[in-house]
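Working notes, beginning with the structure itself.
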Amino acid sequence: MDASDVADDLDHVLYTKEQVAARLAEVATEIDRDYQGREVLLVGVLNGAIMVMADLSRAMKSHCTMDWMAISSYGSGTKSSGVVRILKDLTTDISGRDVLIVEDIVDTGLTLSYLVQNLRSRGPVSIEVMTMFRKPDAATTAVDVRYIGFDIPNEFVVGYGLDYAGQYRNLTDVGALSAHVYS
């Protein structure tokens with residue numbers, strides 16, 4: 001599905017699938033360079049990071065392993081609930097590993113801050129964060145994000161894994177959701 005399929009639901013398109021793919025390839029090159037000679041464990045944050053994780057891992061030239069966590073501070077609405085919960089934990093022991101958390105979006109930073117702290121307590125060699133999208137104006141909790149696809153405005157965005165009530169994840173473009181959809 002692309003933006004033309006849901007044009008009435010979007011205020012505007014922020015990035016096309018081509019722009020997302022090009023930027024993701026650049027980020028993959030940075031990661032390959034930074035982890036040269038080391039195997040990085042990519043930890044994808046479900047469900048939103050599925051698209052990012054798949055495309056990032058395919059764009060990388062170096063070996064990597066993958067695992068998944070599901071962690072949430074959102075309900076079905078557009079605002080964070082403020083309560084962070086682990087819904088699915090890692091199956092991999094990260095002790096002594098280089099870990100790269102892969103996120104779809106960093107909004108308030110609350111969920112990611114909790115996740116970094118939780119994983120740091122498990123004894124990895126390093127923990128870094130990659131996010132495809134970041135909303136600097138929405139941040140309420142400081143989180144160090146090493147790799148950023150795009151900084152975006154503080155709008156409710158969907159597409160490329162980002163959803164509203166479980167929909168729009170398969171939208172290949174990224175766009176601002178019209179208020180009439182969620183109000």
Side-chain angles (χ1 to χ4, degrees), residues 1-33 40-62 64-80 87-88 100-109 111-112 115 128-139 143 145-183:
M1 168 189 327
D2 67 26
S4 67
D5 297 313
V6 291
D8 292 341
D9 294 351
L10 301 177
D11 277 338
H12 57 277
V13 172
L14 283 97
Y15 299 102
T16 65
K17 66 180 179 180
E18 293 82 12
Q19 291 170 310
V20 170
R23 180 63 187 130
L24 195 63
E26 294 169 357
V27 171
T29 298
E30 292 176 46
I31 292 168
D32 283 335
R33 181 194 63 227
V40 64
L41 171 65
L42 302 178
V43 173
V45 181
L46 294 171
N47 288 327
I50 288 173
M51 308 302 183
V52 180
M53 182 92 138
D55 290 347
L56 175 67
S57 64
R58 288 187 296 229
M60 290 173 60
K61 305 290 185 216
S62 54
C64 63
T65 54
M66 295 181 225
D67 203 345
W68 297 93
M69 286 188 82
I71 189 165
S72 178
S73 69
Y74 284 87
S76 61
T78 61
K79 301 282 186 200
S80 173
L87 306 174
K88 182 218 174 287
L100 179 61
I101 298 168
V102 178
E103 275 277 25
D104 54 349
I105 191 165
V106 176
D107 199 321
T108 64
T111 305
L112 184 56
L115 180 58
E128 298 292 348
V129 177
M130 180 275 167
T131 188
M132 195 64 223
F133 305 101
R134 180 179 68 169
K135 293 182 181 179
D137 293 339
V143 181
V145 180
R146 176 125 185 207
Y147 307 99
I148 300 165
F150 299 101
D151 278 334
I152 62 173
N154 192 12
E155 300 175 296
F156 195 88
V157 294
V158 294
Y160 198 66
L162 302 167
D163 75 307
Y164 170 65
Q167 296 183 338
Y168 303 97
R169 287 192 198 280
N170 62 327
L171 175 61
T172 56
D173 304 307
V174 176
L177 194 63
S178 294
H180 75 82
V181 175
Y182 58 86
S183 50

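Small disclaimer: the values here were computed from a predicted structure and weren't measured.
- Heavy atoms only, all atoms of each residue included: Arg23 and Ile148 are closest at NH2-O, 2.8 Å.
- At a threshold of 4.5 Å between non-hydrogen side-chain atoms, the residues Met53 and Leu46 do not count as touching.
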Open item on the list: side-chain hydrogen bond (donor to acceptor under 3.5 Å, both in side chains) for Asp2 and Thr172? Distances and angles first, verdict last.
Closed with: CA-CA 5 Å; Asp2 67 26; Thr172 56; 5.5 Å; no
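- Here the CE-CE distance, from Met132 to Met51, works out to 13.5 Å after rounding to the nearest 0.5 Å.
- Judged by distance alone, the side chain of Asp173 and the main-chain N or O of Lys17 form a donor-acceptor pair under 3.5 Å.
- The structure places CG of Leu100 at 5.0 Å from CD1 of Ile31, a figure rounded to the nearest 0.5 Å.
- The two residues Leu171 and Ala3 have their closest heavy-atom pair at CD1-N, 3.5 Å.
- In terms of heavy atoms, Val13 sits closest to Leu10 at CG2-CD1, 4.4 Å.
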- [ ] Evaluate the side-chain hydrogen bond (donor to acceptor under 3.5 Å, both in side chains) criterion for residues Asp9 and Tyr164: first the C-alpha distance (whole Å), next the side-chain angles of each, then the deciding distance (0.1 Å), finally the verdict.
- [x] CA-CA 11 Å; Asp9 294 351; Tyr164 170 65; over 6 Å; no
- [ ] Begin with the C-alpha distance, continue with both residues' side-chain angles, and end with the deciding distance and a verdict on side chain to side chain contact (heavy atoms under 4.5 Å, CB included) for Phe133 and Val157.
- [x] CA-CA 10 Å; Phe133 305 101; Val157 294; 5.8 Å; no
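- Atom CG of Leu177 sits about 11.0 Å away from atom NE2 of His12, to the nearest 0.5 Å.
- Between Ile50 and Trp68 the shortest side-chain heavy-atom distance falls below 4.5 Å.
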Task: Residues Leu56, Tyr147; criterion side chain to side chain contact (heavy atoms under 4.5 Å, CB included); working and verdict - done: CA-CA 12 Å; Leu56 175 67; Tyr147 307 99; over 6 Å; no
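- Tyr15 and Phe150 have parallel rings, their planes meeting at less than 30° on a 0 to 90° scale where 60° marks the start of perpendicular.
- Distance check, rounded to the nearest 0.5 Å: CG of Asn47 to NZ of Lys88 gives 11.5 Å.
- Side chains of Leu14 and Pro153 form a contact here, defined as non-hydrogen atoms less than 4.5 Å apart.
- Atom CD1 of Ile71 is separated from atom CG of Leu115 by 4.5 Å, given to the nearest 0.5 angstrom.
- Within the 4.5 Å cutoff, side-chain heavy atoms of Ile105 are placed close to those of Ile152.
- The main-chain N or O of Ala139 is never found under 3.5 Å from a side-chain atom of Thr108 such that the two would form a donor-acceptor pair.
- Residues Asp55 and Val20 form no side-chain contact, since every pair of their non-hydrogen atoms from C-beta on lies 4.5 Å or further apart.
- With Arg134 as the fixed residue, the salt bridge (Lys or Arg N to Asp or Glu O under 4.0 Å) test singles out one of Asp104, Asp151, Asp107: Asp151.
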Open item on the list: Applying salt bridge (charged side-chain N to carboxylate O under 4.0 Å, His left out) to Glu103 and Arg146, what does each step give before you reach the verdict?
Closed with: CA-CA 12 Å; Glu103 275 277 25; Arg146 176 125 185 207; over 6 Å; no
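- Summarising the geometry of Ala28 relative to Ala59, their closest heavy-atom pair is CB-CB, 3.6 Å, with the distance given to 0.1 Å.
- Between Tyr182 and Val158 there is no side-chain heavy-atom pair separated by less than 4.5 Å.
- To the nearest 0.5 Å, atom CG of residue Leu41 and atom CE of residue Met66 are 10.0 Å apart.
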TODO: Tell me, with the steps shown, if Met60 and Leu42 meet side chain to side chain contact (heavy atoms under 4.5 Å, CB included).
DONE: CA-CA 11 Å; Met60 290 173 60; Leu42 302 178; 4.1 Å; yes
- [ ] Check step by step if side chain to side chain contact (heavy atoms under 4.5 Å, CB included) holds for Leu162 and Tyr168.
- [x] CA-CA 7 Å; Leu162 302 167; Tyr168 303 97; over 6 Å; no
